[in-house]
Amino acid sequence: MAKVLLKNLNKIYPGKVCAVKDVDLEIEDKEFLVLVGPSGCGKSTTLRMIAGLESITGGEVFIGDRLVNDVPPKDRNIAMVFQNYALYPHMSVFANMAFSLKLRKYPKREIKERVNEAAGILDIEDLLQRKPKELSGGQRQRVALGRSIVRKPHVFLFDEPLSNLDAKLRIQMRTELNKLHIRLQTTMIYVTHDQTEAMTLGNRIAVMKDGYIKQVAEPITVYDKPVNKFVAGFIGTPPMNFMEGRIIKKDGKMYFDEGKVQVKVTDEMSPSLEKYVGKQITFGIRSEDIYDKLFVTEAPPENTITASVEVIEPMGSEVYLYLTTGLNSFIAKVGGHARPVINQDMDLVFDMSKVHFFDKDAEKTIV
């Protein structure tokens with residue numbers, strides 16, 4: 001097993017296109033770390049530099065205690081699982097899984113033991129004699145995983161391995177990957193643009209944008225305490241609601257004033273916002289922290305607003321409401337018992353203990 005250390009890692013392509021910028025990251029031994037971000041943020045390029053499939057413009061990559069900048073991919077003791085499975089169509093599942101071991105001249109008996117062990121872990125023993133064309137997408141992905149497991153690498157690298165699967169199968173495979181990590185106790189680095197995958201898989205997640213890592217922390221910390229507006233808006237489904245407005249003081253109390261919405265800032269948050277009084281600021285609240293007033297036993301009037309319902313999305317146990325105040329649109333996630341009507345004015349309660357405030361210019365989190 002091994003930890004992975006990235007020091008001031010940079011990648012610049014011809015034309016001075018900078019894909020990865022000054023990345024410093026330490027992935028602990030046996031950790032499952034997820035690199036997440038929008039397309040083009042540099043996450044796959046970072047993974048490929050760890051694998052040795054992409055040259056490094058600047059910085060250092062360590063696997064264990066070894067600097068691997070100039071070490072060929074085959075000698076880094078890593079295994080990579082790709083989005084497109086990359087199975088040999090003319091070979092059986094057994095032959096696909098055994099291929100890398102045969103190239104390394106492992107004894108036939110050990111090859112058979114390793115393949116059978118991996119097949120048992122992945123529950124594909126009955127598929128070993130089939131060809132890839134006879135398998136479903138989920139089965140092919142298991143074979144691709146098995147091909148990596150047989151090598152017993154120090155580090156597993158995953159480049160969006162579930163993106164070709166349907167929604168139901170992606171959920172199933174996420175569970176399987178979690179079980180696999182617990183069983184193998186191997187360092188895993190996983191790249192995805194899907195923040196749900198990141199939240200459910202990673203011991204920690206690293207959120208990337210424009211080549212930079214914006215925040216690295218446990219999933220719940222990134223969700224509850226985003227360091228800036230980008231992270232707050234990227235992590236979470238639906239995304240965090242944002243409103244532009246001012247901080248004002250009235251009768252010794254502090255309020256966020258959007259123009260048509262005015263809600264009271266908690267006493268705990270007020271000191272941090274003192275220097276923003278009278279200034280423009282960005283207010284953020286997650287959809288689950290907005291409640292239908294009809295189902296709130298105590299609804300403080302200073303935290304209650306009225307908004308018009310534009311779109312209703314029933315989701316079974318909950319309902320997504322797309323609302324507008326006239327100046328800003330936002331989403332509320334309320335219980336499935338709610339029965340709103342399109343164009344209806346609806347009273348909603350903001351949980352002000354869970355809101356976020358961001359500097360309007362720097363977009364950094366204030367509270």
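- Side-chain atoms of T365 come within 3.5 Å of backbone N or O of N228 as a donor-acceptor pair.
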### Message
Does D351 form a side-chain contact (heavy atoms from CB on, under 4.5 Å) with V355? I'd like the steps, not just the answer.
### Response
CA-CA 7 Å; D351 186 342; V355 302; over 6 Å; no

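- A heavy-atom distance below 4.5 Å is found between the side chains of E274 and K249.
- Here the closest non-hydrogen pair linking Q185 and K30 is O-CG, 3.3 Å.
- Checked by atom type, the side-chain pair D22/Y212 shows no donor-acceptor distance below 3.5 Å.
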### Task
Verify side-chain contact (heavy atoms from CB on, under 4.5 Å) between S287 and N241, making sure each step is shown before the conclusion.
CA-CA 7 Å; S287 56; N241 299 296; 4.3 Å; yes

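- Contact of the L157 side chain with the V155 side chain is registered, since non-hydrogen atoms from C-beta on lie closer than 4.5 Å.
- Taking CG of D126 as the start and CG of L128 as the end, the distance is 8.0 Å to the nearest 0.5 Å.
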### Message
One pair to check against side-chain contact (heavy atoms from CB on, under 4.5 Å): L122 and E176. What are the steps and the verdict?
### Response
CA-CA 8 Å; L122 297 167; E176 295 301 321; over 6 Å; no

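- For the pair K21 (side chain) and D210 (backbone), a donor-acceptor distance under 3.5 Å is present.
- Judged purely by distance below 3.5 Å, without hydrogens or angles, the side chains of Q195 and T237 pair a donor atom with an acceptor atom.
- In summary, the aromatic rings of F242 and F358 are positioned with their centroids under 6.0 Å apart.
- Residues meeting the side chain to side chain contact (heavy atoms under 4.5 Å, CB included) test with E363, sequence neighbours left out: K229.
- A side-chain donor-acceptor contact under 3.5 Å links E31 to the backbone of E28.
- If you take CZ on F99 and CD1 on I111, they are separated by 11.0 Å, rounding to the nearest 0.5 Å.
- For the side chain to side chain contact (heavy atoms under 4.5 Å, CB included) with M49, the qualifying choice from T57, V20, N10, V68 is V20, the only one to do so.
- For the atom pair L33 CG and L25 CG, the distance stands at 5.5 Å (nearest 0.5 Å).
- In D65, the CG atom is not crowded: 12 or fewer heavy atoms of neighbouring residues, nucleotides or ligands sit closer than 6.0 Å.
- Between the side chain of T324 and the main chain of G326, a donor-acceptor pair closer than 3.5 Å is present.
- Looking at residues two or more places apart in sequence or on another chain, you find a side chain to side chain contact (heavy atoms under 4.5 Å, CB included) between E258 and M243, F256, K260, V261, T325, L327, N328.
- Between F350 and F283, the angle of the ring planes stays under 30°, which puts this pair in the parallel group of the 30/60° scheme.
- In the hydrophobic cluster analysis, where Ile, Leu, Val, Met, Phe, Trp and Tyr join through side-chain heavy atoms closer than 4.5 angstrom, F158 is grouped apart from I213.
- The minimum heavy-atom distance linking V81 with S148 is given by the pair CG2-OG, 3.4 Å.
- Separation of atoms CG (D29) and OG1 (T187) is listed at 4.5 Å; rounding is to 0.5 Å.
- Side-chain atoms of F234 and P239, non-hydrogen and from C-beta on, never get closer than 4.5 Å to each other.
- Y255 is not connected to V277 by any chain of hydrophobic side-chain contacts under 4.5 Å among Ile, Leu, Val, Met, Phe, Trp and Tyr, and they are in different clusters.
- Atom CZ in R104 sits 4.5 Å away from atom CZ in R151 (nearest 0.5 Å).
- Across all non-hydrogen atoms, the minimal contact from I290 to V334 is O-CG1, 4.0 Å.
- I124 CD1 to L135 CG: the interatomic distance, rounded to the nearest 0.5 Å, is 8.5 Å.
- Here the side chains of M97 and V143 are in contact, with some heavy-atom distance below 4.5 Å.
- Residues V319 and Y322 do not share a hydrophobic cluster, defined by chaining ILVMFWY side chains whose heavy atoms lie under 4.5 Å apart.
- Here the shortest heavy-atom pairing between A51 and M80 reads CB-SD, 3.8 Å.
- At least one donor-acceptor pair under 3.5 Å links the side chain of Q139 to the backbone N or O of S136.
- Looking at V34 and M199, their side chains never come closer than 4.5 Å, going by heavy atoms from C-beta outward.
- Between C18 and I12 the shortest heavy-atom distance is SG-CG1, 3.9 Å.
- The aromatic rings of H90 and Y88 lie perpendicular to each other, with more than 60° between the two planes, well past the 30° mark.
- The salt bridge (Lys or Arg N to Asp or Glu O under 4.0 Å) search around R48 returns E54, not counting sequence neighbours.
- By the 4.5 Å heavy-atom criterion applied to side chains, L273 and I366 are counted as neighbours.
- Within a 6.0 Å sphere centred on NZ of K264, other residues, nucleotides and ligands contribute more than 12 heavy atoms.
- Not one N or O on the side chain of K279 forms a donor-acceptor pair closer than 3.5 Å with the backbone of I247.
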### Query
Which is it for L294 and M346 under the side-chain contact (heavy atoms from CB on, under 4.5 Å) test, yes or no, and what are the steps along the way?
CA-CA 9 Å; L294 291 175; M346 189 172 182; over 6 Å; no

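- Between L145 and L180, some side-chain heavy-atom pair lies under the 4.5 Å cut-off.
- Between L35 and M208 there is a side-chain heavy-atom pair separated by less than 4.5 Å.
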### Message
Quick one, E197 with R174, criterion salt bridge (Lys or Arg N to Asp or Glu O under 4.0 Å). Give me CA distance, side-chain angles, the key distance, then yes/no.
### Response
CA-CA 7 Å; E197 279 183 23; R174 287 205 307 263; 5.4 Å; no

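- In this view, K293 and A299, T304, D347, V349 satisfy the side chain to side chain contact (heavy atoms under 4.5 Å, CB included) rule, not counting sequence neighbours.
- Of the possible polar contacts, none joining the T266 side chain to the M352 backbone as a donor-acceptor pair under 3.5 Å is found.
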Solution key, residues 216-227 side-chain donor-acceptor pairs under 3.5 Å, sequence neighbours excluded:
from, atom 1, to, atom 2, distance (Å)
Y223, OH, E288, OE2, 2.2

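- Linking Ile, Leu, Val, Met, Phe, Trp and Tyr whenever their side-chain heavy atoms come within less than 4.5 Å leaves V341 and Y320 in two separate clusters.
- A donor-acceptor distance shorter than 3.5 angstrom exists from the side chain of D359 to the backbone of D361, with no hydrogens or angles considered.
- In summary, the side chains of D159 and Y190 do not present any donor paired with an acceptor at a separation below 3.5 Å, with no hydrogens or angles considered.
- In this model, no donor atom of one side chain and acceptor atom of the other lie less than 3.5 Å apart for Q129 and S92.
- Between the side chain of D292 and the main chain of F295, no donor-acceptor pair closer than 3.5 Å is present.
- The two residues D24 and N8 have their closest heavy-atom pair at OD1-N, 2.6 Å.
- Among residues two or more places apart in sequence or in another chain, the side chain to side chain contact (heavy atoms under 4.5 Å, CB included) test is passed with L165 by Y85, L162, L169, R170, M173.
- A donor-acceptor pair shorter than 3.5 Å cannot be found between the side chains of T192 and D194.
- The backbone N or O of A86 lies less than 3.5 Å from a partner atom in the side chain of R147, making a donor-acceptor pair.
- Under the 6.0 Å distance and 45° angle rule, K11 counts as a cation-pi partner of Y13.
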